[in-house]
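Every chain is numbered from 1, with letters handed out A, B, ... down the list of sequences. Please read these numbers as outputs of a predicted model, since none were measured by experiment.
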Amino acid sequence: MYVAVKGGERAIENAHAWLAEERRGDTAVAELSIAQIREQLALAVNRVMAEGSLYDPDLAALAIKQARGDLIEAIFLIRAYRTTLPRFGATRPVATGEMACDRRISATFKDAPGGQVLGPTFDYTHRLLDFKLAAEGEVAKAPTAAPRNEPTPHITAFLRGEDIIQREPDSEATPGDLTRTPMSYPAGRDIRLQSLARGDEGFLLGLAYSTQRGYARNHAFVGELRIGTVAVEMEIPELGFTIEIGEVELTECETVNQFAGSKTEPPQFTRGYGLVFGQTERKAIAMALVDRALRWRELGEDDLGAAAQDEEFVLSHSDNIQATGFLEHIKLPHYVDFQSELELVRKLRREAEANVAKQNAGNEDAGKEASQ
Amino acid sequence: MNVSENRAAHGAFGGGFADPAIESAFAFRTAMSVMAKPGEIRALDTAHPPAPLSSAAGTLLLTLCDPETGVFLAGACDTPEMRGWLAFHTGAPVVGADRAEFAVGRWADLVPLDHYRIGTPEYPDRSATLIVEVDTLEAAGATLRGPGIKDSATLSLPDPAAMAGNAMLFPLGLDFFLTCGGRIAALPRSTQISEG
Amino acid sequence: MSDYNFAYLDEQTKRMIRRAILKGLAVPGYQVPFASREMPMPYGWGTGGVQVSAATLTPEDTFKVIDQGSDDTTNAVSIRKFFEKTAGVAVTEETEKASVIQTRHRIPEAPLREDQILVYQVPIPEPLRFLEPRETETRKMHSLEEYGLMHVKLYEDISQHGAIATAYAYPVKVADRYVMDPSPIPKFDNPKLEMAAIQLFGAGREQRIYAVPPYTKVVSLDFEDYPFEATKADHACDLCAAEDSYLDEVILDDAGNRMFVCSDTDYCRTRREAGHVGRLGEEVAA
């Protein structure tokens, strides 16, 4: 006997209750605190802040806990929260040249003012599982050095002095904001960079990698990669001056790319740029490579038809919250559409079978005639 | 407008919405209904802007305008009081006709229509909406046909010929709200207009 | 839920959506770009419809949500609860009593009235998208009213299958100007697109809002020799005996037995309450 499907509401409530239980896991195991996630899963927290477009380590840690460690789900929680926040104003552009660097490396110069500072990097760790960590070993204190007090100038600034690298136009214009105005193409570089900065790390990594393998290759050197904290300042019109409202950790990557030139312009290096919240250097490098690939038109390069050069393709597919929502929505009921298609296919099959039958009958008749 | 309301409208701070989320929700429904059904006349009188603006026009401004929308105050509407009221309640910048998202005033002060943005072929929505203050608003006068209208409707229009000319630009063109005291009607660019 | 504003969205966002709705009504069938916000439900699950509803609802509304024609599908339940909580609106399952109806994939069977609003959830608002993936190109095609590609596609269907092979999201032309995607409703519903109610379409992920005012001319694309046909399963509802409603096919057992029931659960219930009984109406638990 058929019973109409009912009880969607109860099913949802029960599913939520079960989910909450699964999230907690075995209650004999101590519950994770937000501080533990913030301090010990900091790179996950950074990714959630970067792609969630909200700098708040505690909220990102909470989102990771709530999402059971699913970072895209955590990013989604942060985005949905962020969109409800009132907007008080815009800050001054951050001065990354004055960053207090934890890490600063250049692949283009052996040394430069400010030095090469490896910082807390995985780079030269041998990827061997450290079984001591399984036993909650205490960590030895890392050696320290006296902090540098003078600013660490950008590597590209030295090249600019020689005029051997492309100059970026200065502008006081307010950059666009894709969270406040609908995307339209062609997008300006401001919107492109914003989109990349909050785009999915995996998607950008794949695209950047494709440029290295020859799909719009642009010969990138990491001119500089720096990670550290910068002051965030805001002009308060009522006060008539600028005040510091806090600081954020950023990763900045500037690539120095193949040179371009013409009869009238001497050859110059070009650049790609990546700037991301937190210590997120894979993302920042990928962003710089994709940014550079997207600049083909302004630099007078050829459109090689590569994915990374295709602004509309890159920008409309880089957002993992859009992508995962649409991907996963196909598990929602679609039986009304399917029924319509089912009827259509049945009808087309009936007609096709009737045609075949008619044709066979015709052939039989023709056969009979021939044999007679 | 009665005396006490008139008093409330004085200065930049009075005459706004007491409960913006709820009052603008109701006001929008009215605006949407008249825009969807050209010829329909409905009451809209929540806000009380400074003179000479009507309650309907003021309510509409509070419902639709904010710092992202430029407003052109035409002719007699452009008073320091009105600027203050608009700034305080909406934060909308006052701009020239050519940059306006919304323009408000009497027909004679709003024309000529070719000052306003009519959208582009690829983005016909990037066009101005004119809020026209009229002395009479009734279901009489020009005959309207088109989307939103079952068969035909009639509506008193300040300048049927100019408005018919605007409709010729479809899908580009301007969209109009007609406001009269505490009442409102609308005329989108999609409406075909014939006299009498 | 006092932590959030009425109907969840902040006022500035609602104003932005409301302005887009008004432009959409003024240019029927044209897709107005809007700065869609991240909602607390996933993109592709009705965020466009939810934003349009949030900008449209007043506390006096009675709200109905259907998915696949039914009020009790999980996503419909979830959206209905969201607005019950955030907007405090009354909710109903009765089409007749609803002032705002949000829908995914169906138009109710009962004719809607002038004082009702139908809000559609739209996944891909661009009817030309599957012929030309680029927004920059499709926008140009709309601006030039260049819809030849669509006709070519439909015609290729005919030469390959002997019929237009589009069963849902069947493209329409609105007010003799814009080709529009009516959202993935079965083509059976297309004739109902000319109705007395205001129709609003919201695509959140794709950031588009469009609208069809009451009584607007909406024509399903076709050819003189292959006219549009609104089709459904060739059965009556096994519960209420309706012959004019769109039917879901339900597999009853592994012996190939099927039953057909109204997709519009409220329509079916109303008919059964009025005494109509279908083939299996007696033996089925309500």
*Asks:* Under a 4.0 Å N-O cut-off, is there an ion pair linking C/R134 with A/D310?
*Replies:*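 Yes, charged N to carboxylate O under 4.0 Å.
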
*Asks:* How long is the span from the OH atom in C/Y246 to the OG atom in A/S340, to the nearest 0.5 Å?
*Replies:*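 If we round to the nearest 0.5 Å, C/Y246:OH and A/S340:OG are 4.0 Å apart.
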
*Asks:* What do you reckon, is CZ of A/R297 surrounded by more than 12 foreign heavy atoms closer than 6.0 Å?
*Replies:*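 For A/R297, atom CZ is not crowded (no more than 12 foreign heavy atoms under 6.0 Å).
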
*Asks:* Of the backbone (N, CA, C, O) and the side chain (C-beta and beyond), which part of A/L85 lies under 4.5 Å from a heavy atom of chain C, both, or neither?
*Replies:*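 For A/L85, neither part sits under 4.5 Å from chain C.
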
*Asks:* So if I apply the side chain to side chain contact (heavy atoms under 4.5 Å, CB included) rule between C/Y43 and each of A/I321, A/T324, A/L327, which one comes out positive?
*Replies:*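 Of all the options given, the one that passes is A/I321.
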
*Asks:* Report yes if some heavy atom in the side chain of A/F76 is under 4.5 Å from a heavy atom in the side chain of C/P42; otherwise report no.
*Replies:*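 Side chain of A/F76 against side chain of C/P42, heavy atoms only: contact under 4.5 Å found.
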
*Asks:* Take C/R104 and A/H334 through the side chain to side chain donor-acceptor pair (under 3.5 Å) test and state the conclusion after the steps.
*Replies:* CA-CA 9 Å; C/R104 175 168 172 264; A/H334 282 78; 3.2 Å; yes

*Asks:* What part of A/L348 gets within 4.5 angstrom of chain C, counting heavy atoms only: side chain, backbone, both, or neither?
*Replies:*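 Answer is side chain: those atoms of A/L348 sit under 4.5 Å from chain C.
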
*Asks:* With a 4.5 Å cut-off on side-chain heavy atoms, are C/D10 and A/T84 touching?
*Replies:*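 Contact flag for A/T84/C/D10 side chains = no.
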
*Asks:* What part of A/Q339 gets within 4.5 angstrom of chain C, counting heavy atoms only: side chain, backbone, both, or neither?
*Replies:*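 The answer is both parts of A/Q339.
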
*Asks:* Heavy atoms, side chains only, cut-off 4.5 Å: are A/L344 and C/T231 in contact?
*Replies:*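 When only atoms from C-beta onward are counted, C/T231 and A/L344 do not touch, as no gap falls below 4.5 Å.
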
*Asks:* Just checking, is any N or O donor in the side chain of C/E135 or A/S316 under 3.5 Å from an acceptor N or O on the other one?
*Replies:*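 The criterion, which ignores hydrogens and geometry beyond distance, is not satisfied for A/S316 and C/E135.
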
*Asks:* Between A/V336, A/D177, A/I330, which has the largest tally of heavy atom pairs under 4.5 Å with chain C?
*Replies:*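 The option with the most such pairs is A/V336.
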
